Amino acid sequence: MSNNESAAPLDFIRTRVAEDLKTGKYGGRVHTRFPPEPNGYLHIGHAKSICLNFGIARENEGGLCNLRFDDTNPTKEEQEYVDSIKQDVRWLGFDWGDREYYASDYFDQIYKWAVQMIEGGKAYVCDLDAEQTREYRGTLKEPGKNSPYRDRSVEENLELFEKMRAGEFPNGARTLRAKIDMAHPNLNMRDPVMYRILHASHHRSGDKWCIYPMYDFTHGQSDSIEGITHSICTLEFENHRPLYDWYLETLGIYRPQQIEFARLNLTYTVMSKRKLLTLVQEKLVDGWDDPRMPTISGLRRRGYTPEAIRAFCERIGVAKFNSTVDLGLLEFCVREDLNRRAPRVMAVLKPLKVVIENYPAGQVEELEAVNNPEDPNAGTRKIPFSKVLYIESDDFMEDPPKKYFRLAPDREVRLRYGYFITCTDVVKDAGGEIVELRCTYDPETRGGNAPDGRKVKSTIHWVSADHAVDAEVRLYETLFCVEDPDEGDDFRTHLNPQSLEVVSGCKLEPCLAHPQTELPYQFERLGYFVADSKDSRPKKPVFNRTVTLRDTWAKIQKQEAGNAG
RNA sequence: UGGGGAAUGGUGUAAUCGGUAGCACGACUGACUCUGGAUCAGUUAGUUGGGGUUCAAGUCCCUGUUCCCCAGCCA
């Protein structure tokens with residue numbers, strides 16, 4: 001509304017909505033809908049559509065967006081999916097008010113419209129089976145042939161259709177088809193099936209019906225009933241728009257405008273519901289909400305926030321070009337969000353014992369630590385310091401390379417919010433493995449500053465051994481090890497064997513004994529982590545790594561390795 | 001010539017009537033730093049090819065090329 005914000009450029013859909021608003025095409029209304037089929041869980045691609053549809057409604061005064069379940073295929077749809085979809089849309093931050101609709105609620109009206117089409121000579125009952133129907137349809141380059149049942153009388157069609165509805169025929173025996181043009185260059189217009197026989201119980205309408213309308217004969221009418229102004233869908237429905245328009249015009253009812261945009265593709269990710277279902281059914285992942293899944297529930301369990309996902313959807317834009325967004329952008333969006341809100345804590349994933357030789361045994365000091373340097377209001381907390389500590393084993397190297405700044409023999413580093421320590425000795429087991437470090441500390445550097453002003457190259461995190469909480473931490477990598485898992489015969493061959501690393505025996509600072517779920521933390525220098533909503537227990541916390549911090553050291557290592565090779 | 005769409009740096013996306021090709025991510029420099037984080041400053045790099053119109057073309061015209069979607073009684 002305000003003019004001072006230099007109007008961000010609108011995408012082509014919003015531009016169109018704005019034009020329609022200006023010309024009064026729909027009487028100044030803006031009414032969209034998000035129409036999922038409840039046959040799977042929502043994923044990040046749906047989030048794009050949700051943000052688009054609900055976003056457009058929200059941005060325009062009086063704008064509305066309905067949640068409508070496109071539930072015309074009882075063989076694939078389940079109540080569980082309905083429930084998860086509602087939860088996910090709500091979690092993403094959108095509200096459909098009391099406008100929760102189901103295409104199945106329109107079945108009576110849609111049936112009447114089918115009868116109206118028959119009466120108008122625009123539809124007929126066809127006895128061809130599925131295979132014959134395909135043969136009669138022709139090919140991409142050759143026209144189809146008329147069905148031998150195309151010219152049945154209105155009376156006969158009415159009677160047969162009624163018998164279909166009454167359950168007198170088995171599955172697949174007959175269909176109701178629109179009478180359009182078997183030679184039409186758009187195959188969707190070659191007498192498309194309007195109704196098929198499906199003796200299946202529907203998750204909402206139960207056994208009331210044994211014939212179900214097809215998507216094309218349902219979606220437009222549903223939009224029409226709800227008074228949708230802009231029916232936004234993905235590119236693959238572009239070929240269906242002529243049919244969408246044809247049905248509504250033939251029925252003589254209100255016609256919304258269908259607009260298509262490109263669906264989201266993400267690197268290292270599969271997005272089709274079919275493939276996600278396969279992963280779940282074959283137990284290649286832990287379920288729809290496995291933190292490696294691109295599902296909304298998976299991202300939530302992983303520690304992504306609705307804010308981050310919405311920011312992502314804004315950044316990727318909306319267009320008709322079939323593009324693939326870099327996963328890095330999604331990660332950037334979580335880091336950006338979590339950086340300003342996540343409380344910092346110290347956690348040691350792979351502990352290495354450190355004994356401070358000149359520190360009094362039995363002494364415990366409470367040191368003050370900042371909760372979030374990005375947020376002054378987050379305050380501070382006390383963390384215990386004592387003679388025996390754990391540090392990250394990656395933070396010590398006996399023979400460090402040039403650019404390694406962390407602890408090494410005879411080198412001094414700072415323990416965050418603690419003291420400067422110097423490594424004096426390395427203790428190894430019989431196998432030569434480093435099991436313990438002996439260090440000295442400088443009492444003058446309490447809190448982390450040296451009165452003499454001397455500097456250290458590095459600050460590392462630590463946890464007091466006696467006070468530490470044991471935890472399991474799950475480290476995730478991409479589910480697939482190639483950018484485009486859809487390439488090739490079987491996407492499963494591209495699964496990343498290292499997509500999950502379970503680390504047990506992690507040591508956390510005391511305040512993490514009872515973490516809140518869905519409250520993201522930053523484990524300093526490591527990344528963002530959230531308690532697992534299913535497996536975490538008080539005093540036995542389980543954390544999921546949402547995303548690592550940007551890691552310059554890892555980058556240097558990779559470069560050095562590359563140069564060496 | 002089956003029909004329908006689409007092409008802008010490495011990636012995603014802007015550019016009003018034809019008028020300085022912009023933003024973001026990434027990458028790379030440097031500054032700063034009690035997180036090798038964050039932040040700040042800067043650099044890099046683009047209009048699918050070929051013609052044409054024009055003072056001026058990503059935008060208009062012609063002509064190629066490439067990619068995506070469609071032959072479910074799925075959505």
Side-chain angles (χ1 to χ4, degrees), chain A residues 8-11 35-37 39 70-73 75-77 126 128-130 133-135 137-144 171-177 183-190 192-198 211-212 214-216 218-219 233-242 260 262 267 273-274 314-333 335-336 339-340 344 346 369-370 373-374 403-406 414-418 420 445 447-449 455-461 522-527 548-556:
Chain A
L10 301 178
D11 57 66
E37 181 190 12
N39 68 342
D70 226 327
D71 54 351
T72 58
N73 185 353
T75 65
K76 292 187 175 167
E77 295 148 8
C126 180
L128 259 26
D129 64 26
T133 305
R134 189 181 342 118
E135 283 163 9
R137 186 152 35 226
T139 69
L140 292 178
K141 294 188 178 180
E142 300 155 27
N171 285 353
R174 285 180 227 261
T175 56
L176 182 72
R177 301 176 67 181
H184 198 109
N186 180 342
L187 303 221
N188 292 131
M189 301 297 274
R190 317 240 263 230
V193 172
M194 295 160 58
Y195 264 92
R196 76 286 213 188
I197 299 170
L198 241 33
I211 57 170
Y212 291 90
M214 299 286 290
Y215 165 85
D216 286 305
T218 306
H219 202 92
C233 61
T234 45
L235 248 29
E236 66 270 26
F237 291 102
E238 215 156 13
N239 294 327
H240 293 247
R241 180 158 24 98
E260 310 85 12
T267 55
K273 275 204 238 176
R274 200 201 93 231
E314 256 170 55
R315 265 172 228 257
I316 58 176
V318 179
K320 297 194 76 158
F321 178 59
N322 210 316
S323 60
T324 302
V325 176
D326 193 332
L327 217 213
L329 184 60
L330 216 210
E331 296 185 332
F332 167 81
C333 291
R335 287 195 188 105
E336 180 186 51
N339 174 52
R340 52 178 180 242
R344 319 281 130 132
M346 292 204 281
V370 173
E374 302 293 321
K403 291 173 183 164
Y404 187 84
F405 302 149
R406 285 110 93 148
R414 170 169 38 232
L415 294 177
R416 176 136 239 227
Y417 302 123
F420 285 14
T445 56
N449 290 303
K455 302 281 186 208
V456 286
K457 288 280 271 184
S458 173
T459 300
I460 65 173
H461 60 277
Q522 185 195 103
F523 289 4
E524 293 219 29
R525 303 207 307 133
L526 297 174
T548 61
L549 252 27
R550 262 188 73 222
D551 191 345
T552 327
W553 170 239
K555 202 183 294 172
I556 292 169

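Order of the sequence lines fixes the chain letters, A, B, ..., with proteins taken first and strands second; residue numbering starts at 1 for each chain. No experiment lies behind these values; they were computed from the predicted model shown.
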- Query: Reading nucleotides 9-19 of chain B 5' to 3', which nucleotides get B (base under 4.0 Å from a protein heavy atom), which S (sugar-phosphate only), which -?
  - Reply: --SSSS-----
- Query: Where does C70(B) fall, syn or anti, if syn means a chi angle no more than 90° from 0?
  - Reply: anti
- Task: Could you check which nucleotide pairs with A31(B) in any of the strands shown, counting Watson-Crick or G-U wobble with both distances under 3.5 Å?
- Result: U39(B)
- Touch check for Arg190(A), heavy atoms < 4.0 angstrom, all strands: base, sugar-phosphate only, or nothing? nothing
- Task: Tell me what Gln522(A) touches on the nucleic acid: a base, only sugar-phosphate, or nothing, going by heavy atoms under 4.0 Å.
- Result: base
- Query: Arg196(A) has a side chain; which of C69(B), C74(B), G36(B) sits nearest to it?
  - Reply: C74(B)
- Query: Are any of Arg550(A)'s side-chain N or O atoms less than 4.0 Å away from OP1 or OP2 of A38(B)?
  - Reply: yes
- Nearest-nucleotide pick for Asn239(A), side chain only, options being U35(B), C69(B), A38(B): C69(B)
- Item | Pairing partner of C73(B) (Watson-Crick or G-U wobble, both distances under 3.5 Å) | none
- Task: Determine which nucleotide pairs with A6(B), using a 3.5 Å limit on both distances of a Watson-Crick or G-U wobble pair.
- Result: U66(B)
- Task: With the side chain of Trp553(A) defined as its heavy atoms from C-beta on, choose the nearest nucleotide among A38(B), A75(B), G36(B).
- Result: G36(B)
- Of the nucleotides G3(B), C73(B), C70(B), which has the atom closest to the Pro185(A) side chain? G3(B)
- Have a look at Lys273(A) and say if it touches a base, only the backbone sugar-phosphate, or nothing, with a 4.0 Å heavy-atom cut-off. nothing
- Does the ring center of Trp553(A) lie less than 6.0 Å from the ring center of Tyr404(A)? yes
- Task: Ignoring backbone atoms, establish whether Lys455(A) has a side-chain N or O less than 4.0 Å from OP1 or OP2 of U33(B).
- Result: no
- Message: How many whole angstroms separate atom CD1 of Ile197(A) from atom C1' of G72(B)?
- Response: 16 Å
- Pick base, sugar-phosphate or nothing for Glu238(A), based on heavy-atom distances below 4.0 Å to the nucleic acid. sugar-phosphate
- Is the base of G72(B) syn or anti, where syn means the angle lies within 90° of 0? syn
- Query: Of the nucleotides A71(B), A75(B), U35(B), which has the atom closest to the Thr72(A) side chain?
  - Reply: A75(B)
- Arg137(A) vs C70(B): side-chain N/O to OP1/OP2 distance below 4.0 Å: no
- Pick base, sugar-phosphate or nothing for Leu128(A), based on heavy-atom distances below 4.0 Å to the nucleic acid. base
- Describe the nucleic acid contact of Tyr404(A) in one word from base, sugar-phosphate, nothing, applying a heavy-atom distance below 4.0 Å. base
- Answer with base, sugar-phosphate or nothing: what part of the nucleic acid does Glu374(A) contact at a heavy-atom distance below 4.0 Å? base
- Base of G72(B) paired with side chain of Arg134(A) (donor-acceptor, under 3.5 Å): no
- Item | N/O (side chain, Arg344(A)) to phosphate O (OP1/OP2, U35(B)) under 4.0 Å | no
- Task: Choose from G36(B), G2(B), U35(B) the nucleotide whose nearest atom is closest to any side-chain atom of Arg416(A).
- Result: U35(B)
